[in-house]
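Reviewing the structure listed below.
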Amino acid sequence: MDTIKTEVHNILEGAIHAAVAAEELAISEVPDIPFSPTKTPEHGDIATPIALGLAKQARMAPRKIAEIIVTHIDLDAHPNLRQIDIAGAGFINIHLSDNWLYDTLHTITAMQAAYGTCDKGAGKPLQIEFVSANPTGPLNIVSGRAAAVGDTLINLLNAIGYKAIREYYVNDAGGQVERLGESIDVRYRQALGEEGLEIPEGGYQGEYLQEFAQTIADTEADTYLQLKTNERVAYFRDKGIAHILAQQKTSLERFGVNFDVWSSEKAVRDSGKPEEIIQVFREKAYLYEAEGATWFRMTDFGDDKDCVVIRSNGEYTYFVPDAAYHRDKFDRGFTKVIDLLGPDHQGHITRLKNFVKALGLPDDWLEISIIQQVNLVDAEGKRVDMSKRSGQFLTLDDLIDELAETVGEQFAVDVARYFFLMRANSTHLDFNMELAVTHASENPVFYIQYAHARCYSIFEQGDEQGITPKPIEEASLKQLTEPMEHELIRKLAEFPSTVLLSAETREAHRIPHYLYELSGIFHPYYNQHRVLDLTDMEKTHARLILIQCVQSVLKNGLTLLGISAPESM
RNA sequence: GCGCCUAUAGCUCAAUUGGAUAGAGCAACGGACUUCUAAUCCGUAGGUUGCAGGUUCGACUCCUGCUAGGCGUGCCA
């Protein structure tokens, strides 16, 4: 579709220039030519409202402009165009030829797994930082959503030619991990029988720490009681971080998400970069002292409040290492970085962007999106409170476990990823637990996967009947005369532009919707038209080409989402 | 108080970023398995796009003001 759009664009542009040259159109500037989707076949395959847009400038009725433009297009010179109509207020509707349909099938057949990709990104290095949960407990559901979205966005960006990497920022320094160490210490001493202890304010109550401490007590007994309290807490902190991080990594791998780079906040702090950042801010006079703390003049950047960067106890707030971390990302050469933050980080967006601006980095270099909350709901849309095996919240692993009980491990991951991806990031997501485990058409994941499996089974069935698919060059594509076949091909042709749009707008949910729509054309086709027909082998071979293309696109789309494309179900 | 997000059919959501008659699925009712997988398909219904203005040839989309819900908001990260 992209190549045809470019072709049509050039044809129209040429026609408009020709009209201007012939002094039939009085315009000084040709604006971008917009294309609008056609909702009904009557409107052709590609439509443009360009004549409406030119009306004011040309001081002419839109329909009249459209007529003039069309007279400058020679249909005979363009084999991909069949017919051009003028309709409505002045829309130019372009009907593409069968030739174009066959071209599409040739393209898909030739490109296979690469169909849908392009090189628009020109190999520019990009980075997405996502999940980045504190190493103080198991990953929660929102982290799962962030993992699915981030992973898919990386796939999409790589598909359109960027060199994008997945990065996880481990907050292994600061107050929260100190509380972690203290909490483990309490659990450890409790495991050894000490009484009257309580988890400190801001500490972690979760059972997972009890289990962890119990294991230490079981295997190493009271070894650590000999240490001074602060040494023991520090030891447990580091041991705890390593343990929880390993768990998080395991959960993510189970979910099909593998990070390329794990960055450490502690390493950033130890690198001396925070001091450099402070130095830069001081030189630029962004800092001042008040109430014993050091403040950053956020109000200079339009925010309504200043914020503390060095606390009265001398420690940095989270923002200093974070700003240093972003400076480091820039120094590593990424032309753009995207942060996916959790719903509780809204307050960070403006501040983080301002810090980046204060460091003199380009305005649009840092992009931040919030991954919104997820609610588990039942079929009636009521919130579900599931058993909380790991403490105060439901974890990603709990969710997968729960789903896997009904649909098995692989589908559990597939379903979870799809459900996390099917809605725009900015919306609150209702995760329908009952729908997720339904093996029926209401469940979009099964619907799509089933379409893929059906394609595959046609070839298996054909094999049994001794039908060997012919190469596309030997197939008579003219046999594809059914309206549904043309509709299928038109949909297949949309895939590359859907991928491109989805990647550029960071709207991963377009891919699930696209695949669902494609499946929604395929299933009815499958029901109404037989592919394998021993009495009409010409048609059979043509249809096998089409089915092969549908299968390719379904598989490519599912792969972008990190969802399996099963050969049988 | 201020900031961000959300509001579309009874329910869950789309709408290619300002284009033509706002589309799907679910829920309801009826129908299709000697035919490549019935985890599928076919048919019937639903709308003042939260409210009020504005910009435009044209608005679910942009602007202003309301209303409702969610989240955030100077020494946690």
*What integer distance in Å separates A:Ile50:CD1 from B:C57:P?*
16 Å
*Using purine N1 to pyrimidine N3 plus N6-O4 or O6-N4 for Watson-Crick, or N1-O2 and O6-N3 for G-U wobble, each under 3.5 Å, what pairs with B:G72?*
B:C2
*Quick one: is B:G3 close enough that its OP1 or OP2 comes under 4.0 Å of any side-chain N or O from A:Arg351?*
no
*Ignoring hydrogens and angles, does a donor from either the side chain of A:Gln176 or the base of B:C76 sit under 3.5 Å from an acceptor on the other?*
yes
*Is there a Watson-Crick or G-U wobble partner for B:G10 with both distances under 3.5 Å, and which nucleotide is it?*
B:C26
*Taking for each residue the nucleotide of RNA chain B bearing the nearest heavy atom, is the 5' side occupied by A:Glu265 or by A:Asn93?*
A:Asn93
*If you look at every strand shown and take non-hydrogen atoms under 4.0 Å, does A:Arg179 touch a base, only sugar-phosphate, or nothing?*
nothing
*Check every strand shown and say whether A:Pro343 touches a base, only sugar-phosphate, or nothing at a heavy-atom separation below 4.0 Å.*
sugar-phosphate
*To the nearest Å, how far apart are A:Leu421 CG and B:A14 P?*
13 Å
*asked:* Mind checking if A:Ala61 touches a base, just sugar-phosphate, or nothing, with heavy atoms under 4.0 Å?
replied: nothing
*asked:* Within 90° of 0 counts as syn, otherwise anti: where does B:C41 fall?
replied: anti
*asked:* Give me the distance, rounded to whole Å, that separates B:G69 from B:A27 when you measure between the C1' atoms they each carry.
replied: 25 Å
*Counting only Watson-Crick or G-U wobble pairs whose two distances fall under 3.5 Å, which nucleotide matches B:A52?*
B:U64
*Classify the nucleic acid contact of A:Ser568 as base, sugar-phosphate or nothing, counting any heavy atom under 4.0 Å across all strands shown.*
base
*asked:* So if I take every side-chain heavy atom of A:Val308 and compare against B:A77, B:G74, B:U73, which nucleotide ends up nearest?
replied: B:G74
*Using a heavy-atom cut-off of under 4.0 Å over every strand shown, decide if A:Thr505 touches base, sugar-phosphate, or nothing.*
base
*According to the 5.5 Å centroid and 30° plane-angle thresholds, does A:Phe91 stack upon the nucleobase of B:A20?*
yes
*Look at the side chain of A:Asp430 and decide which nucleotide, out of B:U16, B:C36, B:C13, has an atom nearest to it.*
B:C13
*Kindly state whether the ring of A:Phe296 and the ring of A:Phe355 have centres lying under 6.0 angstrom apart.*
yes
*Is there a side-chain polar atom (N or O) of A:Lys56 under 4.0 Å from OP1 or OP2 of B:C57?*
yes
*Side-chain N or O of A:Tyr447 closer than 4.0 Å to phosphate OP1/OP2 of B:C41*: yes
*Contact class for A:Asn171 (heavy atom, under 4.0 Å): base, sugar-phosphate, or nothing?*
sugar-phosphate
*asked:* Checking base pairs now: Watson-Crick or wobble, both atom distances under 3.5 Å. What partners B:U40?
replied: B:A32
*Nucleotide forming a Watson-Crick or wobble pair with B:G58, both distances under 3.5 Å*: none
*Which part of the nucleic acid, if any, lies within reach of A:Ala293 when heavy atoms closer than 4.0 Å are counted: base, sugar-phosphate only, or nothing?*
base
_B:G3 phosphate, OP1 or OP2, under 4.0 Å from A:His345 side-chain N/O_ = no
*Would you please say whether a donor-acceptor pair under 3.5 Å links the side chains of A:Gln449 and A:Asp414?*
yes
_Checking contacts here: which listed nucleotide (B:A38, B:G72, B:C5) is nearest the side-chain heavy atoms of A:Tyr526?_
B:A38
*asked:* Between A:Glu265 and A:Arg269 (salt bridge meaning N to carboxylate O under 4.0 Å), is one present in this structure?
replied: yes
*asked:* Between B:A28 and B:U49, how many Å separate the two P atoms, rounded to a whole number?
replied: 28 Å
*Do A:His513 side-chain and B:A15 base share a donor-acceptor contact under 3.5 Å?*
no
*Quantified in whole Å, what is the C1' atom distance between nucleotide B:A14 and nucleotide B:U8?*
10 Å
*Would you indicate which nucleotide in B:C36, B:C13, B:A20 comes nearest to any side-chain atom of A:Leu532?*
B:C36
*With no angle test and no hydrogens, is the base of B:G70 tied to the side chain of A:Gln372 by a donor-acceptor pair under 3.5 Å?*
no
*Side chains of A:Glu482 and A:Tyr525: do they bring a donor and an acceptor to under 3.5 Å?*
no
_Point-to-point distance, once rounded to the nearest 0.5 Å, from CD1 of A:Ile27 to CD1 of A:Ile65_ = 8.0 Å
*Quick one: is A:Arg454 getting a side-chain N or O under 4.0 Å of the B:A38 phosphate, OP1 or OP2?*
yes
*What does A:Glu507 touch in the nucleic acid at a heavy-atom separation under 4.0 angstrom: a base, only the sugar-phosphate, or nothing?*
base
_Could you check whether A:His345 and A:Asp339, counting side-chain N and O atoms only, form a donor-acceptor pair closer than 3.5 Å?_
no
*Check whether any side-chain N or O of A:Tyr318 sits under 4.0 Å from OP1 or OP2 of B:A77, and answer yes or no.*
no
*Would you classify A:His529 as touching base, sugar-phosphate or nothing, given that sugar-phosphate means primed atoms plus P, OP1 and OP2, and contacts are heavy atoms under 4.0 Å?*
base
*Picking from B:U17, B:G25, B:A20, which would you name as closest to the side chain of A:Tyr516?*
B:G25
*What nucleotide among B:C41, B:G74, B:C71 has an atom nearest to a side-chain atom of A:Lys305?*
B:G74
*Base, sugar-phosphate, or nothing: which does A:Gln528 touch, judged by heavy atoms less than 4.0 Å apart?*
sugar-phosphate
*In terms of ring plane angle, is the pair A:Trp262 and A:Tyr168 parallel, tilted or perpendicular, where the classes change at 30° and 60°?*
parallel
*Among B:A77, B:U12, B:U40, find the nucleotide with the atom closest to the side chain of A:Tyr450.*
B:U40
*Is A:Gly202 touching bases, backbone alone, or none of the nucleic acid, heavy atoms closer than 4.0 Å?*
nothing
_Donor-acceptor side-chain pairing of A:Glu507 and A:Ser502 below 3.5 angstrom_ = no
_Between A:Glu42 and A:Ala453, which residue's closest nucleotide on RNA chain B lies nearer the 5′ terminus?_
A:Glu42
*Would you classify A:Gln346 as touching base, sugar-phosphate or nothing, given that sugar-phosphate means primed atoms plus P, OP1 and OP2, and contacts are heavy atoms under 4.0 Å?*
base
*If only atom types and distance count, is the side chain of A:Asp306 paired as donor or acceptor with the main-chain N or O of A:Met298 below 3.5 Å?*
yes
